[in-house]
Amino acid sequence: MAESSSSASLLSSKEDLIQLIKRFGAYLTIKMSNLFSISFHNLDSRSVGAIAGLALAIVFTWRLVRTPGGPQRRQPKRQAPTTSTSVPSNQSNATIIPSGVSPPPDDLRAQNVVDEFFQPVKPTLGQIVRQKLSEGRKVTCRLVGVVLEESSPEELQAHQATVRSSVLEVLLEITKFCDLYLMERVLDEESEKKILLALENAGIFISGGLVKDKVLFCSTEMGRSSFVRQLEPDWHIDTNHEIVSQLARFIKYQLHISPTRPERTASNVFSSPSLEQFFGNI
């Protein structure tokens, strides 16, 4: 009953509106006819065009209101038939979708794309290296114990030099945007040749970021310290605690490579068990 009363009220309101427009149209018709009959000869072309436009607007409004469309009756919602069919035991792992409910695959795919787009992007090794080095442009680094497997010049003299495979990728990333100098104290010229050959076989010179002229050799630990002070790098990497302590006043940042975590000597000195661990590449 409430629904039929609402429909009747809607129909009555529409009819009233139509009657009002009819009366307004008749009134305008009379006025326009009087206007044309009395002073049509005084109207210019612009006035006639304006009156014609007004008439057309009234006609279109009238047609729009007269568009047939009685009150629509609401369609009762169809109830999805329920079935009492039991699911066989061999299909117990299948996904059961309730009757009348369909999964929205397009919405799910769109949501998956959005979730994937907003997932945090893992930074590349190059980005990590640049961030860790604070955009430093010149780096000096000791070879023994950092780049090479050997831990002392004496061990290097007795064996072939071996580049650590785990540090190679980090070293190549550093050479891409830093002026890198490698240095080491050696006991003889044969050790120098071993080091250069190992670096060449590892492909460090092929990358173009490092040349053999930037591999420096000296006969004392103080000689390596002198190299660093002359080059004035943004970063120096070393395993000798005394050298790191001495250079702390002159070098912007230092990385002390040590298997044990030493006491921090200065705010600009960092420590790590290895070069690759400092950059998270292990």
Under 3.5 Å donor-acceptor, Asp179 side chain and Arg137 backbone: no
Phe270 six-ring centre to Arg264 NZ/CZ under 6.0 Å and within 45° of normal: yes
Hphob cluster co-occupancy, Val228 + Val146, side-chain heavy atoms under 4.5 angstrom: no
Glu150 and Gln160, any side-chain heavy atoms less than 4.5 Å apart: no
From Thr175 atom OG1 to Lys214 atom NZ, the distance as rounded to the nearest 0.5 Å: 9.5 Å
Expected output: side-chain Glu184 to main-chain Val144 donor-acceptor under 3.5 Å: yes
Glu155 (side chain) donor-acceptor with Ser151 (main chain) under 3.5 angstrom: yes
Geometric cation-pi criterion, Lys132 with Phe279: 6.0 Å, 45°: no
Minimum side-chain heavy-atom gap Cys141-Val147 below 4.5 Å: yes
Leu180 vs Leu171, side chain to side chain contact (heavy atoms under 4.5 Å, CB included): CA-CA, chis, key distance, verdict: CA-CA 9 Å; Leu180 177 65; Leu171 207 63; 3.9 Å; yes
Common cluster, Tyr181/Ile174, ILVMFWY with side-chain heavy-atom separation under 4.5 Å: no
His256 side chain vs Thr239 backbone, donor-acceptor pair below 3.5 Å: yes
Side chain to side chain contact (heavy atoms under 4.5 Å, CB included) evaluation trace for Phe205 with Val215: CA-CA 11 Å; Phe205 299 129; Val215 182; 4.1 Å; yes
Test log, rule side chain to side chain contact (heavy atoms under 4.5 Å, CB included), inputs Val139 and Leu133: CA-CA 9 Å; Val139 178; Leu133 295 181; 4.2 Å; yes
Check against side-chain hydrogen bond (donor to acceptor under 3.5 Å, both in side chains), Glu276 and Ser166: CA-CA 7 Å; Glu276 55 271 34; Ser166 58; 2.6 Å; yes
His236 side chain near Leu247 side chain, heavy-atom distance below 4.5 Å: yes
Verdict with reasoning, Leu255 to Val269, per side chain to side chain contact (heavy atoms under 4.5 Å, CB included): CA-CA 6 Å; Leu255 176 60; Val269 176; over 6 Å; no
Gap separating the OG1 atom of Thr124 from the CD atom of Glu173, nearest 0.5 angstrom: 7.0 Å
Gap between atom CD of Glu200 and atom NZ of Lys193 - 0.5 Å precision: 13.5 Å
Side chain to side chain, Trp235 and Lys252, heavy atoms closer than 4.5 Å: no
Which atom of Gly136 lies closest to which atom of Cys178, heavy atoms considered: O-SG, 3.0 Å
Worked check of side-chain hydrogen bond (donor to acceptor under 3.5 Å, both in side chains) between Glu221 and Ser225: CA-CA 7 Å; Glu221 292 291 290; Ser225 178; over 6 Å; no
Shortest non-hydrogen contact between Leu156 and Ala161, atoms and distance: CD1-CB, 3.5 Å
Heavy-atom closest contact (Arg142 atom, Pro153 atom, distance): NH2-CD, 4.1 Å
Donor-acceptor contact present, side-chain Ser226 to main-chain Met222, <3.5 Å: no
Side-chain heavy-atom pair Ile195, Leu148 within 4.5 angstrom cut-off: yes
Side chain proximity check, Val129 to Leu125, heavy atoms < 4.5 angstrom: yes
Joint cluster assignment, Ile237 & Met183, ILVMFWY side-chain distance < 4.5 Å: no
4.5 Å side-chain heavy-atom contact, Leu216 and Thr140: no
Ser272 side chain to Ser274 backbone, donor-acceptor under 3.5 Å: yes
Cluster overlap Leu231 with Leu182, hydrophobic side-chain contacts below 4.5 Å: no
Main-chain N/O of Val244 paired to Asp238 side chain as donor or acceptor, under 3.5 Å: no
Phe217 six-ring face occupied by Arg185 cation (under 6.0 Å, within 45°): no
Joint cluster assignment, Leu168 & Phe278, ILVMFWY side-chain distance < 4.5 Å: yes
Ile257 and Pro273, any side-chain heavy atoms less than 4.5 Å apart: no
More than 12 heavy atoms from other groups under 6.0 Å of CD on Gln131: no
Donor-acceptor pair, side chain of Lys194 and main chain of His159, under 3.5 angstrom: yes
Distance-minimising heavy-atom pair for Gly126 and Phe177: O-CE2, 4.4 Å
Any donor-acceptor pair under 3.5 Å from Asn268 side chain to Ile251 backbone: yes
